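Below is one structure, written out as structure tokens; the observations come after it.
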Amino acid sequence: MLESKILRQNMDLVRRKMAERGQPVDLDRFTELDAGRRDILQEVETLRNERNTVSKNIGEKKKRGEAASELMSRMGEVSARIKELDESLKKTEENLNAFLLTIPNIPHESVACGAGADDNPVIRHWGEKPSFSFPPRPHWELGEALDILDFSRGAKIAGARFTLYRGMGALLERALINFMLDLHTTHHGYTEILPPFLVNRESMTATGQLPKFAEDLFKIEGQDYFLIPTAEVPVTNIHRDEILEEKALPRYYAAYSACFRAEAGSYGKDTRGLIRQHQFNKVELVKFTRPETSYEELEKLTADAEEILKRLNIPFRTVSLCTGDLGFSAAKTYDIEAWLPGQDAYREISSCSNFESFQARRASIRYRRADNGKMDFVHTLNGSGLAVGRTLVAVLENCQQADGSIIIPEALRPYTKGIDRITATR
RNA sequence: GGAGAGAUGGCUGAGUGGCCGAAAGCGAUCGCCUGCUAAGCGAUUGUACGCCCCAACAGGUGUACCGCGGGUUCAAAUCCCGCUCUCUCCGCCA
């Protein structure tokens, strides 16, 4: 969220940046609401001041046994007027706030201008694409042939976009989760978190999923609980309404969670395989940093996520999202895209973002600066480290053999009871 | 699910209608003092929003905030109602 004061002072910048995002904002409406609010505020505060002084007066008179009924009835009127003004103030602030909550973050100056995904500059490539002496197969064929992924049972039990993992498939997924968590906690300095998978409305609003993207979320009927679309939500909310010590920054958290997404509006997209599921597993990295270091921290966080693919020896490329492709809350985002030979394409496997103070304002996450003793908002960052289901896809497709078996990357074998190969069991 | 207790500043904790943005203690910061350490003494110590002032830093001033939302009253941390959360006991339960 952008604050009124900041918006008021940077109208032109905001107007220009929102246009670059392709999401023009009606700033006249803001000006109107903001000015209206301040008008009412001044009037009501003047009246309150009067009431406070006169009330004190009344108290003193009464103590001396003097009559004060005239003052009391006049203050009755003032109070009634205050009540009226309070109501219209509240209404105006609600409108203003609702409006502010729908304005996306301002893209960082290093973000390229562009209309959509095709305009995202590629930052780097890593790894050699594997060459095959046979046409590489997509993971859904491999998984079904090996009897480790059961799409039709998943659909029977729950519906489309749900998958049942079986045997080595389930083990491989679990191995990936543990491998990722271990790497981030022992080598990259993250503290492991296991968060609630259901959260309340305040948490969803703090990180930016609400109010604008309610249709992407699963909600518990009749209760104010939402299924998390990413561990970013509960983990960022760890410090909601808190004041952190500057010396306790930066803070790094790594969390495994299941993630739930309604995927409204993606009908017919990625209908086969594990790529787009209503429920999937993810290890999420979240950082709370001082404003001065957040872009440095974004580079490190992205490298931490890339390290997983490097150790699994999966080729990838990293792109920087352009203004037109940038998410609502992010100021800058790197997407890491793994090479999937079965689909002859790079597919997103991680998205690493700096939100600057956007989420911290919504969530009121602050720290006291050591230099001047003032409060300031922290910067929040997060990134997948990594999307587990998609990583499993990448392993299957990159490590497939001519006979349809899968050679398990060495880095995972400590987590697969030493098993080095998945072969058909029937 | 049933019964009860509670929620006050960074922390502990007092405060049952006006003199309370809130005692006291702890902590923290700054200064003094003691040869060092410990102790001691003094001062300071919330946030948000608005207005004024300023190039800016700062400053002045007003309002709000004692879990959240409403009500009573000239006046609410204090009285009333609803909600949320925490704790204790009973029941149930992985």
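Bear in mind the structure is a predicted one, so any value in this text is a computation, not a measurement. Chain identifiers are assigned alphabetically (A, B, ...) following the order of the sequence lines, protein sequences preceding nucleic acid strands; residue numbering begins at 1 within each chain.
The pair A:E93-A:R37 meets the salt-bridge criterion, with a side-chain N (NZ, NE, NH1 or NH2) lying under 4.0 Å from an Asp/Glu carboxylate O. Taking a cutoff of 4.0 Å between a charged side-chain nitrogen and a carboxylate oxygen, A:R311 and A:E307 qualify as a salt bridge. With respect to the salt-bridge test (charged N to carboxylate O, under 4.0 angstrom), the residues A:E263 and A:K269 do not qualify.
Summary of the strand contacts: A:R366 and A:K5 both lie near RNA chain B, and taking for each the nucleotide with the nearest heavy atom, the more 5' one is attributed to A:R366. With the nearest nucleotide of RNA chain B identified for both A:E50 and A:G76, A:E50 has the one nearer the 5' end.
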Does the ring pair (Phe, Tyr, Trp, His ring centres under 6.0 Å) test come out yes or no for A:H188 and A:Y252, once each step is laid out?
CA-CA 9 Å; A:H188 298 155; A:Y252 292 8; 9.3 Å; no
Return the polar atom pairs (N/O with N/O) between nucleotides 92-94 of chain B and the protein under 3.5 Å, or none.
none

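In this structure, the CD1 atom of A:I243 is 9 Å from the P atom of B:A48, given to the nearest Å. Remark: P of B:C49 and CG of A:D39 are 18 Å apart, rounded to the nearest angstrom. Straight-line distance from the CD atom of A:E242 to the C1' atom of B:G67: 16 Å, rounded to whole Å. Atom CZ of A:R51 is separated from atom C1' of B:G62 by 14 Å (rounded to the nearest Å). When rounded to the nearest whole Å, the span between CD1 of A:I40 and P of B:A64 equals 17 Å. Remark: C1' of B:U84 and CG of A:D241 are 14 Å apart, rounded to the nearest angstrom. A:L96 places its CG atom 12 Å from the C1' atom of B:C49, with the value rounded to the nearest Å. Rounded to whole angstrom, the span from the CD atom of A:E202 across to the C1' atom of B:C68 amounts to 10 Å.
Judged purely by distance below 3.5 Å, without hydrogens or angles, the side chains of A:T423 and A:S405 never pair a donor atom with an acceptor atom. At a cut-off of 3.5 Å, with distance as the only test, a side-chain donor of A:Y334 or A:E299 sits close to an acceptor on the other residue. Donor-acceptor pairing under 3.5 Å is lacking for the side chains of A:S55 and A:R51.
Residues passing the salt bridge (charged side-chain N to carboxylate O under 4.0 Å, His left out) test with A:R166, sequence neighbours excluded: A:D147, A:D150. Applying the ring pair (Phe, Tyr, Trp, His ring centres under 6.0 Å) test to A:F226 and every residue at least two apart in sequence or in another chain returns nothing. The salt bridge (charged side-chain N to carboxylate O under 4.0 Å, His left out) search around A:R240 returns none, not counting sequence neighbours. Residues passing the ring pair (Phe, Tyr, Trp, His ring centres under 6.0 Å) test with A:H278 are A:F162, A:F218, sequence neighbours excluded. Qualifying ring pair (Phe, Tyr, Trp, His ring centres under 6.0 Å) partners for A:F328, counting only residues two or more places apart in sequence or in other chains: A:F213, A:F358. For A:Y295, the ring pair (Phe, Tyr, Trp, His ring centres under 6.0 Å) test picks out A:H108, with sequence neighbours left out.
B:G82 and B:U72 are spaced 15 Å apart, taking the C1' atom of each and rounding to whole Å. Here the separation of B:C92 from B:G2, taken at their C1' atoms, is 11 Å to the nearest Å. Comparing the same atom, P, in B:C65 and in B:A76 gives a spacing of 9 Å after rounding to whole Å. Taking atom C1' in both B:C53 and B:A58, one finds a spacing of 11 Å when rounded to whole Å. Across the C1' atoms, B:A7 and B:G15 are found 15 Å apart, a figure rounded to whole Å. Nucleotides B:A48 and B:A55 have their C1' atoms positioned 26 Å apart, rounded to a whole Å. If you take atom P in B:C41 and the same atom in B:C26, they sit 10 Å apart, rounded to whole Å. Between B:G13 and B:C87, the two P atoms lie 16 Å apart (nearest whole Å).
Among the protein residues, A:M72 comes within range of the nucleic acid bases, having at least one heavy atom under 4.0 Å from a base atom.
Between A:R38 and the phosphate of B:C51, there is a side-chain N or O to OP1/OP2 separation shorter than 4.0 Å. The shortest distance between the side-chain N/O atoms of A:R37 and the OP1/OP2 oxygens of B:G50 is below 4.0 Å. Phosphate proximity of B:G18 to A:N52: absent, as no side-chain N or O sits under 4.0 Å from OP1 or OP2. Applying the 4.0 Å criterion to OP1 and OP2 of B:U47, one finds that A:R368 has a side-chain N or O inside that range.
The base of B:G50 does not come close enough to the side chain of A:Q42 for any donor and acceptor atom to sit less than 3.5 Å apart.
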Both atom distances under 3.5 Å, Watson-Crick or G-U wobble: I'd like the secondary structure of RNA chain B as a dot-bracket string, with | for pairs made across strands.
((((((((.[[[..)..(.....]]]((((((.......))))))(((((((......))))))).[[[[[..)....]]]]])))))))....
Return a single string for nucleotides 53-60 of chain B, one symbol per nucleotide in 5' to 3' order, where B is base contact, S is sugar-phosphate-only contact and - is none, cutoff 4.0 angstrom on heavy atoms.
-----S--
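Of the residues in residues 56-69 of chain A, those lying under 4.0 Å from RNA chain B by heavy-atom distance are A:I58, A:G59, A:K62, A:K63. Residues from residues 77-93 of chain A placing a heavy atom under 4.0 Å of any atom in RNA chain B, listed by number, are A:S79, A:K83, A:K90.
Using cut-offs of 30° and 60° for the angle between ring planes, the A:Y415 and A:F179 rings count as perpendicular.
Residue A:S294 is tested with A:T380, A:N354, A:T289 for a side-chain hydrogen bond (donor to acceptor under 3.5 Å, both in side chains); the sole match is A:N354.
Of the candidate nucleotides B:C74, B:G62, B:G50, B:G62 has the atom nearest to the side chain of A:N49.
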Atom pairs and distances, donor-acceptor, side-chain atoms in residues 406-414 of chain A, under 3.5 Å, two or more places apart:
| unit_1 | atom_1 | unit_2 | atom_2 | d |
| --- | --- | --- | --- | --- |
| A:R413 | NE | A:I408 | O | 2.9 |
| A:R413 | NH2 | A:I408 | O | 2.7 |

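Residues A:L249 and A:F288 are in side-chain contact: their nearest non-hydrogen atoms beyond the backbone lie under 4.5 Å apart.
Here CZ of A:R261 is found 6.0 Å from OG1 of A:T230. Values are rounded to the nearest 0.5 Å.
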